[in-house]
Amino acid sequence: MKLVWYALGGGLGHLQRALAVLRWLRPKLGADAPLLLTSSAYAHLAMAEGLPCLRLPGAHEAQALPPGAVATAIRALLDALAPQCLVVDTFPDGLHGELAADWLARVPQRYLLARPGGGDPASSPAWPLYHQVFVPLPHSPWPGAEPIGWVLTRRPGEALSSADARRRLGLSPVADRPLVMALHAGDPGEVVALFESLRAASARLTQPHDLRLATPLPLGGWLLDDRLVHPWPAAELFPAVDLLVSGGGYHTTAEAAAFGVRALQLAFRRSHDDQAARLAPEASEEEPLATPLPFRAEAHWDVARWEAALQAALAAPRPTPLPAQETDGARQLALKLLERLA
């Protein structure tokens with residue numbers, strides 16, 4: 001059995017879902033190590049896990065090449081790999097359209113992990129060719145697609161204690177003042193802009209607090225600050241976090257809710273992910289709305305508005321964590337794949 005996990009896409013989310021599931025799946029596969037295909041700038045996280053991984057061009061890189069060149073090259077790679085099982089994240093036809101129906105039909109086992117946002121994958125011609133579609137949510141928006149619960153890098157019971165998490169962040173293990181963590185893994189300029197806004201707002205807060213700026217991105221000289229940290233998976237540290245500031249991506253949204261962490265989340269514009277809809281169904285770029293997380297923030301806020309938002313969020317009650325049965329999607333998907341691969 002040769003399993004290939006197709007996790008192409010921008011940012012960190014596709015890669016995080018793959019790593020979350022494969023940590024449960026890999027020990028059961030023995031010598032049949034899965035191969036991970038990614039276009040993420042954070043492929044080093046997979047390599048650090050000892051996972052066989054190939055980094056392929058993403059959508060922006062493909063724009064610099066002749067039309068169709070990346071799709072042709074990836075199809076040739078897949079032909080050479082001849083996978084017996086293919087798991088595809090988010091894009092039924094492939095990020096570049098390389099997973100055409102005639103090629104997919106030759107793969108003995110094929111599964112799709114489809115998350116809502118950024119268009120309707122069920123309208124793809126390849127959708128009906130997958131033997132099963134899994135949805136990383138407690139409920140599926142598509143008939144016939146199987147919900148498995150949120151796919152998390154770490155569940156609450158797997159995280160560090162608050163004291164150990166604080167030590168990991170260079171803080172006293174005794175929480176004598178709240179910890180604000182900014183977590184982002186986007187374009188370097190976007191990350192730095194968010195972090196600089198929060199540094200300025202943090203300096204104006206009268207309430208004593210600690211601030212940590214967390215990203216898996218090696219920023220180098222972009223941002224010199226002793227509060228800059230590079231934890232992964234960051235969810236391990238959430239028991240120590242009193243307020244999380246992040247984008248509205250799938251993982252930070254799910255993990256903040258799973259751990260019951262106060263959160264200020266931004267709806268960044270993404271080509272294949274509607275973060276505004278995730279944070280509040282009726283949200284728009286012009287009208288920030290309070291959400292159950294409990295707040296939504298905007299990237300264009302000035303320092304005074306960020307300061308007020310931080311104060312209000314820190315004063316809010318801590319949300320109730322999600323039920324445990326809704327947060328076991330990574331392990332559940334691994335078990336379901338093992339049943340089909342047996």
Side-chain angles (χ1 to χ4, degrees), residues 11-13 16 42 45 152-156 158-186 188 190-205 207-219 222-266 268 275 279 291 293-297 299 301 306-307 309-319 321:
L12 181 57
Q16 287 214 113
Y42 308 98
L45 298 177
L152 308 182
T153 55
R154 294 294 185 271
R155 302 178 71 200
E158 300 172 311
L160 299 174
S161 68
S162 177
D164 286 343
R166 290 179 63 84
R167 289 190 188 95
R168 178 80 65 85
L169 293 168
L171 298 168
S172 164
V174 179
D176 56 349
R177 55 187 189 175
L179 170 61
V180 178
M181 175 183 282
L183 177 62
H184 195 29
E190 188 179 83
V191 173
V192 171
L194 173 62
F195 286 1
E196 288 182 339
S197 294
L198 291 171
R199 285 197 302 186
S202 171
R204 294 173 52 141
L205 281 179
Q207 180 181 358
H209 66 287
D210 293 306
L211 175 68
R212 288 296 182 268
L213 309 169
T215 178
L217 188 71
L219 288 175
W222 283 69
L223 191 75
L224 298 177
D225 194 310
D226 59 6
R227 295 168 294 185
L228 182 67
V229 294
H230 301 282
W232 193 88
E236 287 185 339
L237 307 174
F238 281 8
V241 176
D242 295 283
L243 174 61
L244 177 71
V245 183
S246 74
Y250 169 91
H251 285 278
T252 48
T253 303
E255 289 169 351
F259 282 81
V261 177
R262 300 178 187 89
L264 272 167
Q265 297 193 292
L266 292 82
F268 286 112
Q275 295 190 354
L279 293 178
T291 75
L293 295 176
F295 298 104
R296 177 180 168 201
W301 282 357
W306 269 113
E307 176 191 3
L310 291 173
Q311 287 178 334
L314 283 168
R318 195 170 179 115

Asks: How close do Arg318 and Val261 get, heavy atom to heavy atom, and via which atoms?
Replies: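 Smallest interatomic distance, heavy atoms only, reads NH2-CG2, 3.5 Å.
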Asks: How long is the gap from CG on Leu12 to CG on Leu45, to the nearest 0.5 Å?
Replies: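 If we round to the nearest 0.5 Å, Leu12:CG and Leu45:CG are 6.5 Å apart.
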Asks: Under the criterion side chain to side chain contact (heavy atoms under 4.5 Å, CB included), I'd like the reasoning laid out for Gln311 against Gln207: C-alpha separation, chi angles, the key distance, then a yes or no.
Replies: CA-CA 8 Å; Gln311 287 178 334; Gln207 180 181 358; 5.7 Å; no
Asks: Rounded to the nearest 0.5 Å, what separation is found between the OG atom of Ser172 and the CZ atom of Arg177?
Replies: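 Rounded to the nearest 0.5 Å, the OG-CZ separation comes to 10.0 Å.
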Asks: Rounded to the nearest 0.5 Å, what's the gap from CE on Met181 to CG on Leu198? Could you check?
Replies: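 The CG atom of Leu198 is 12.5 Å from CE of Met181, to the nearest 0.5 Å.
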Asks: Quick one: closest heavy-atom pair of Gly186 and Val191, and the distance?
Replies: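 Scanning both residues completely, I find the closest heavy atoms to be N-CG2, 3.4 Å.
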Asks: Write out all pairs satisfying ring pair (Phe, Tyr, Trp, His ring centres under 6.0 Å) with one or both partners inside residues 241-261, taking only residues at least two apart or from two chains.
Replies: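 Every ring pair (Phe, Tyr, Trp, His ring centres under 6.0 Å) pair that includes a residue of residues 241-261, provided the two are not neighbours, is Trp150-Tyr250, Phe238-Phe259.
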Asks: Distance from Asp225 atom CG to Phe195 atom CZ, nearest 0.5 Å?
Replies: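 It is 10.0 Å, given to the nearest 0.5 Å.
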Asks: Using side-chain heavy atoms (C-beta onward) and a distance below 4.5 Å, is Leu264 in contact with Leu310?
Replies: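 A side-chain contact under 4.5 Å exists here.
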Asks: Roughly how far apart are Arg199 CZ and Arg204 CZ, rounded to 0.5 Å?
Replies: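 Rounded to the nearest 0.5 Å, the CZ-CZ separation comes out at 15.5 Å.
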Asks: Give a yes or no on whether the backbone of Leu237 and the side-chain of Arg168 come within a donor-acceptor separation of less than 3.5 Å.
Replies: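 No, because the side chain of Arg168 does not come within donor-acceptor range (under 3.5 Å) of the backbone of Leu237.
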Asks: Testing the 3.5 Å rule here: is there a donor-acceptor pair between the side chains of His230 and Thr215?
Replies: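 No - no donor-acceptor pair under 3.5 Å links their side chains.
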Asks: Checking Arg262 side chain against Asp242 main chain: does a donor-acceptor pair fall under 3.5 Å?
Replies: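 Between the backbone of Asp242 and the side chain of Arg262 there is a qualifying donor-acceptor contact (under 3.5 Å).
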Asks: Does any part of the side chain of Leu217, heavy atoms only, come nearer than 4.5 Å to the side chain of Pro188, both counted from C-beta?
Replies: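 Yes, their side chains come closer than 4.5 Å.
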Asks: Check Tyr42 against Ala185 and note the closest heavy-atom contact, atom names and distance.
Replies: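 Of all heavy-atom pairs spanning Tyr42 and Ala185, the closest is OH-O, 2.8 Å.
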Asks: Without swapping roles, check the side chain of Arg212 against the backbone of Leu169 for a donor-acceptor pair under 3.5 Å.
Replies: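 Yes, the answer is positive, given that a donor and an acceptor are paired below the 3.5 Å cut-off.
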Asks: Minimum heavy-atom separation for Ala235 and Ala159, please, with both atom names.
Replies: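 Reported closest heavy-atom pair: O-CB, 4.0 Å.
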Asks: When you look at Leu194 and Glu190, which way does the side chain to side chain contact (heavy atoms under 4.5 Å, CB included) test go after all the steps?
Replies: CA-CA 6 Å; Leu194 173 62; Glu190 188 179 83; over 6 Å; no
Asks: In sequence, state the C-alpha distance, the side-chain angles, and the governing distance for Glu158 and Leu152, and then conclude on side chain to side chain contact (heavy atoms under 4.5 Å, CB included).
Replies: CA-CA 11 Å; Glu158 300 172 311; Leu152 308 182; over 6 Å; no
Asks: How far apart are the closest heavy atoms of Leu243 and Val241, and which atoms are they?
Replies: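 In terms of heavy atoms, the two residues are closest at O-CG1, 3.4 Å.
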Asks: Would you tell me whether Thr153 and Gln16 have side-chain atoms, one donor and one acceptor, within less than 3.5 Å of each other?
Replies: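 Judged by distance alone, the side chains do not pair up.
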Asks: For residues Arg166 and Leu179, report the shortest heavy-atom separation together with the two atoms involved.
Replies: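 Smallest interatomic distance, heavy atoms only, reads NH1-CB, 4.2 Å.
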Asks: Looking at Glu255 and Arg154, does any basic side-chain N land under 4.0 Å from a carboxylate oxygen?
Replies: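 Looking at Glu255 and Arg154, the cut-off is not met.
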Asks: Passes side chain to side chain contact (heavy atoms under 4.5 Å, CB included), Leu213 versus Leu211? Steps please.
Replies: CA-CA 7 Å; Leu213 309 169; Leu211 175 68; 4.1 Å; yes
Asks: Looking only at atom types and distance, does a side-chain atom of Ser246 sit under 3.5 Å from a main-chain N or O of Thr252, one as donor and one as acceptor?
Replies: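 Not confirmed, Ser246 side chain does not pair with Thr252 backbone.
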Asks: Do the side chains of Leu244 and Val180 get nearer than 4.5 Å, heavy atoms only?
Replies: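 Counting from C-beta outward, Val180 and Leu244 never come under 4.5 Å.
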